[in-house]
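Written out below as structure tokens is the structure these notes cover.
Below, each value reflects all heavy atoms present in this structure, side chains not excepted, and no hydrogens, waters or symmetry copies. Letters A, B, ... mirror the listed sequences (proteins, then strands); counts begin at 1.
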Amino acid sequence: MSELSSRRRDSADGVLADDSAALCEQVGEASAKGTPLAIVGGNSKAFYGRPVTGEALDVRGHRGIVHYDPVELIVTVRCGTPLSELEATLAQNGQQLAFEPPRFAPGATVGGMVACGLSGPRRPWAGAVRDHVLGTRLITGEGRQLRLGGEVMKNVAGYDVSRLVTGALGSLGVITEVSLKVLPQPPQGMTLRLELDAERAARNLAEWGRQPLPLSGACHDGEALHVRLEGGEGSIRRAREQLGGEQVSAAFWEALREQQLPFFNDPRPLWRCSLPATAPGLALAGDWLIDWAGAQRWLKSDAEPAHIRATVSEAGGHATCFTPNAASPFTPLPRALLHYHRRLKAELDPAGIFNPGRWYAEL
Amino acid sequence: MSFMFDERLDGALPTVDKAAVTSRLHEVLPHMTLLSEPEDLRPFECDGLSAYRTVPMLVAMPERIEQVQTLMRECRALNVPVVTRGAGTGLSGGALPLERGLLLVMSKFKSILSIDPEARLARVQPGVRNLAISEAAAPFGLYYAPDPSSQIACSIGGNVAENAGGVHCLKYGLTVHNVMALEVVTLEGERLTLGSEALDAPGFDLLALMMGSEGMLGVVVEITVRLLPRPEVAKVLMASFDDVSKAGGAVADIIAGGIIPGGLEMMDNLAIRAAENFVHADYPVEAAAILLCELDGVDEDVHEQCRQVREICAAAGATDVRQARDEQERARFWAGRKAAFPAVGRLAPDYYCMDGTIPRHRLPEVLHGIADLAEEYELQVANVFHAGDGNMHPLILFDASDDDQRERAEVLGGRILELCVEVGGSITGEHGVGREKINQMCSQFNSHEIECFHAVKRAFDPAGLLNPGKNIPTLARCAEYGGLHVHHGELPFPELERF
Ligand SMILES: Cc1cc2nc3c(=O)[nH]c(=O)nc-3n(C[C@H](O)[C@H](O)[C@H](O)COP(=O)(O)OP(=O)(O)OC[C@H]3O[C@@H](n4cnc5c(N)ncnc54)[C@H](O)[C@@H]3O)c2cc1C
């Protein structure tokens, strides 16, 4: 297919451009020569993981919404599509990506969203990116594009490689296309601010979690608890009466998702501590912002990385450094688990060309 | 064609010396139950796909994780194939034993280890029945959401291995969405913790990879599931239609209206009549199709949604819409649906349950296609459908003692699955590939995709000793199958030699 005929403009959905043949070719060549590739989309999450040295594989030319039928609750979209464009199209149809992916920069792409697997404030109630991935097209080691999973809600044919590559930081192949489950936007929403200390907030949240409340966000910013309610008018009215507090702007959630709250304006390293929601407060020096009803806690701290990791692991979680940190941003894996990671990597990327070392030096 | 292991197409199996393996296992695992007498082995010869039977060489029933680890190491050292079995309710022959293999039965792992109402988590052993988890969580106002119709019998380990679904999956997700962590033992005897009580874990999402992997990558020895608070109210509506296309239209309109029902199920006339005869659910036996739509949540919202759904169904041409007046009637409406398989099963000596998924809007044409195929193969087909998520269960009625009927049922089943693939769907939504759909894998995936699956398998089980012959076909099998089914004038595996 010529360059010209493979690109067409679709006025409603922005550009629809099929660059997959060129991407396959570049991967094939790199694989033959053993050239490491650094897969790049919008570069909005370049800080996430170890730096990769390799030939750039720019996927932004492969873009556009391939298929979207709102009634099927599924959208199929190419990896280079800006996340903002996808979300705008969904919003026009009263739908959304329920997992609220962070963008971190205007150019964030759908491929980066899937590869990084980061989810926003609604995660504990709506699920993570991987919970909404139904299928992918993936360029693997030999430079071939495979179609895995599909455009249906349920599919257990073959191994779930689509979910395996979600959040794998591009280390198992190039995700060229993804089919995602989308959901209707909730009919109503309301944000409440409750003057509670973090401990009291944690106790209340544990209690509320056992009640059928329409919660879809719960974050303690160090001063107060912010709660988001989403659902029908009746259930929100009732929950509002039960919970009390003052009604505030929903803009809080976007600022939280994009790390634009004042908390994040702090020169100390930023740590993401993923913990069991009910884990008690951790004795680590620094400031905390507690999201996901306690399951995702952000820490601004100068403490020793090893100390932070040990404390978080002790509490049943793991800590990731979000401030560029060349050595080891992710919690090291136990020996046996690392063994199977390396075997998977060797099987799916025999030449070791996809984002080598982005996770761990050994991967 | 048959679902039995065929070394010519599925690869050679190691030769195993039963006496030597038995004595070695007795020696290293003296306290583990090991069955080797034919009369003890017989009860394990099949799973829910009961027309296919193979007596295993040995049955091992460990009760501790360390025993599973030792067993796996020994089987690897002795080169003995291992098939894992939960409760044996699987419908695709995933737990079908091998004559020269060991069947690892997980039924002694039946403890609920802990229920944490604060964290809303349950930690359970793999042999625990699905329903038992919800029963144990009930005193705390909590439940485990995925509810396969087999929930009184199937094990949670089997649910993980098949990524089981249920009638409430559209809103509450499949097994993959409700499991937080697994303990898995690999063929090398390594014990891995995948996932955690936090919402994610470092590294690749091996937790997701293990879901639906049909006992091919490891043995699941412990499971942590999340529990949900019981919805305050649940109401069910039953809408009747004189045409299945209209029922399909109503499903689309409900979703387009921004409503995600707790359950949205469709049954066709044959299924309606069978269910009605069996459980007297008060179903309209004249209807071409019924829709069961359950709305759950907070009282005020549910009330409003019931009103909307009633209007949508009426506008879509429903001949009647009824709302269950009380809990008793609601249970009765569901009883018919939940008993649909056994009910249809009473219409013939055997039934063969298919599990294809399709994009929802292709439903009317697929139903017509199935009706045409049923006529061609002179067999009756009843349709039960998880309409909300496009998962169909055509039930083919036949008599397995009649070889010709059995053969026709198999071929018809295969043709139905290929029809699902043709409209952009999948050969299995929740029952798994197992042995049953091994050939149709070749119509859903090309040789490179199948090779990618083999690569994943090799990473965990290079010797190919875990559940050989299931889930992923060999390329040799696809070549032979491709020779029988030429699509669009093109052989799917042109590069391979034909047998
Ligand atoms: C009447 C009826 C209705 C059904 N309805 C539904 C339904 O609504 N939804 C649905 O999804 N399914 C349904 N099923 C299918 C079946 O119940 C499910 O697939 C169930 O998850 C199987 O669980 P099991 O314990 O019986 O597993 P088995 O049949 O024993 O095994 C199934 C597979 O899992 C593997 N396995 C089992 N335990 C383990 C373990 N601990 N570790 C690793 N691998 C393991 C086996 O090797 C095999 O491949 C139905 C079946 C029947 C008979």
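Residue contact with chain B, scored on non-hydrogen atoms closer than 4.5 Å, involves the backbone of A:Leu275 exclusively. Contact of A:His341 with chain B is made through backbone and side chain together, with heavy-atom distances under 4.5 Å. When heavy atoms are compared at a cutoff of 4.5 Å, A:Pro276 approaches chain B by way of both its backbone and its side chain. Only the side chain of A:Val152 has a heavy atom closer than 4.5 Å to any heavy atom of chain B. If you measure heavy-atom distances from A:Leu138 to chain B, you find no contacts under 4.5 Å at all. Interface remark: B:Ile254 contributes no atoms to any contact with chain A (heavy atom separation under 4.5 Å). Interface remark: A:Arg272 contributes side-chain atoms only to the contact with chain B (heavy atom separation under 4.5 Å). When heavy atoms are compared at a cutoff of 4.5 Å, B:Leu199 approaches chain A by way of both its backbone and its side chain. Heavy atoms of A:Arg144 lying under 4.5 Å from chain B belong exclusively to its side chain. A:Asn93 does not touch chain B: none of its heavy atoms, backbone or side chain, sits under 4.5 Å away. Interface remark: A:Arg237 contributes no atoms to any contact with chain B (heavy atom separation under 4.5 Å). B:Leu228 does not touch chain A: none of its heavy atoms, backbone or side chain, sits under 4.5 Å away. For B:Asp299, the parts sitting under 4.5 Å from any heavy atom of chain A are the backbone and the side chain alike. In this structure, chain B has no heavy atom under 4.5 Å from any part of A:Gln95. For chain B, the nearby part of A:Arg130 is the side chain; its heavy atoms alone come within less than 4.5 Å. Neither the backbone nor the side chain of A:Phe330 comes within less than 4.5 Å of any heavy atom of chain B. Heavy atoms of B:Arg120 lying under 4.5 Å from chain A belong exclusively to its side chain. With a threshold of 4.5 angstrom between heavy atoms, A:Leu169 does not approach chain B through any atom at all. Interface residue B:Asn163: backbone and side-chain heavy atoms are both found under 4.5 Å from chain A. Looking at B:Arg230, the atoms closer than 4.5 Å to chain A (heavy atoms on both sides) all sit in the backbone: N, CA, C or O. Only the side chain of A:Ala295 has a heavy atom closer than 4.5 Å to any heavy atom of chain B.
Looking only at heavy-atom pairs under 4.5 Å with chain B, the residue among A:Gly141, A:Pro212, A:Pro187 that has the most is A:Pro212. Between chain B and the options A:Leu148, A:Thr140, A:Leu172, A:Ile236, heavy-atom pairs under 4.5 Å are most frequent for A:Leu172. Top candidate by heavy-atom pairs under 4.5 Å with chain A, chosen from B:Pro231, B:Ala208, B:Cys169, B:Ser196, is B:Ala208. Note on B:Glu162, B:His177, B:Lys457, B:His431: by heavy-atom pairs under 4.5 Å with chain A, the leading option is B:His177. Your options are B:Lys437, B:Met216, B:Glu304, and the one with the most heavy-atom pairs under 4.5 Å with chain A is B:Met216. Of the residues considered (B:Val176, B:Leu121, B:Leu174), B:Val176 shows the highest number of contacts with chain A, using heavy-atom pairs under 4.5 Å. Note on A:Glu207, A:Arg342, A:His318: by heavy-atom pairs under 4.5 Å with chain B, the leading option is A:His318. When B:Asn471, B:Thr428, B:Ile255 are compared by the number of non-hydrogen pairs under 4.5 Å with chain A, B:Thr428 comes out ahead. Heavy-atom pairs under 4.5 Å with chain A were tallied for B:Gly432, B:Gly258, B:Gly203; the largest tally goes to B:Gly203. Your options are A:Thr166, A:Leu205, A:Asp160, A:Leu164, and the one with the most heavy-atom pairs under 4.5 Å with chain B is A:Leu164. For the options A:Leu146, A:Asp69, A:Val156, A:Asp131, heavy-atom pairs under 4.5 Å to chain B are most numerous at A:Val156.
Taking the side chain as every heavy atom from C-beta outward, B:Phe204 and A:Tyr340 never approach each other to under 4.5 Å. Within the 4.5 Å cutoff, no side-chain heavy atoms of A:Glu151 are placed close to those of B:Pro359. At a threshold of 4.5 Å between non-hydrogen side-chain atoms, the residues B:Arg360 and A:Val71 count as touching. For the pair A:Thr320 and B:Pro202, the minimum side-chain heavy-atom distance is 4.5 Å or more. Within the 4.5 Å cutoff, no side-chain heavy atoms of A:Glu347 are placed close to those of B:Val456. A:His339 is not listed as a side-chain neighbour of B:Thr186, based on a closest heavy-atom distance of 4.5 Å or more. A 4.5 Å side-chain heavy-atom check between B:Leu206 and A:Leu337 finds at least one atom pair inside the cut-off.
The two residues B:Asp301 and A:Gly234 make their nearest non-hydrogen contact at OD1-N, 3.7 Å. Nearest heavy atoms, B:Asp200 versus A:Ser274: OD1-OG, 2.6 Å. Between B:Ser426 and A:Lys154, the closest heavy-atom pair is CB-O, 4.5 Å. The two residues B:Met441 and A:Gly158 have their closest heavy-atom pair at CE-N, 3.6 Å. Nearest heavy-atom pair, B:Glu300 versus A:Ser235, reported as atom, atom and distance to 0.1 Å: CB-N, 4.1 Å.
More than 12 heavy-atom neighbours from other residues, nucleotides or ligands sit within 6.0 angstrom of CD on A:Gln242.
Separation of atoms SG (B:Cys452) and CZ (A:Arg147) is listed at 14.0 Å; rounding is to 0.5 Å. For the atom pair CG of B:Asp116 and OG1 of A:Thr278, the computed distance is 5.5 Å after rounding to the nearest 0.5 Å. Annotation: the span from B:Glu232 atom CD to A:Gln211 atom CD amounts to 10.0 Å, rounded to 0.5 Å. Here the CG-NZ distance, from B:Leu170 to A:Lys181, works out to 5.5 Å after rounding to the nearest 0.5 Å. To the nearest 0.5 Å, atoms CG (A:Asn155) and CG (B:Asn391) are separated by 10.0 Å. With rounding to the nearest 0.5 Å, the separation of CD in B:Glu449 from OH in A:Tyr159 is 15.5 Å.
Look at B:Glu188 and A:Arg343 and you find a salt bridge, because one of the NZ, NE, NH1 or NH2 atoms lies within 4.0 Å of a carboxylate O, short of that distance.
Judged by distance alone, with hydrogens and angles left aside, the side-chain atoms of A:Glu72 form a donor-acceptor pair with the main-chain N or O of B:His361 at under 3.5 Å.
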Do A:Met153 and B:His386 pass the side chain to side chain contact (heavy atoms under 4.5 Å, CB included) test, and can you show the C-alpha distance, the side-chain angles, and the key distance before you say yes or no?
-> CA-CA 11 Å; A:Met153 286 292 173; B:His386 299 301; over 6 Å; no
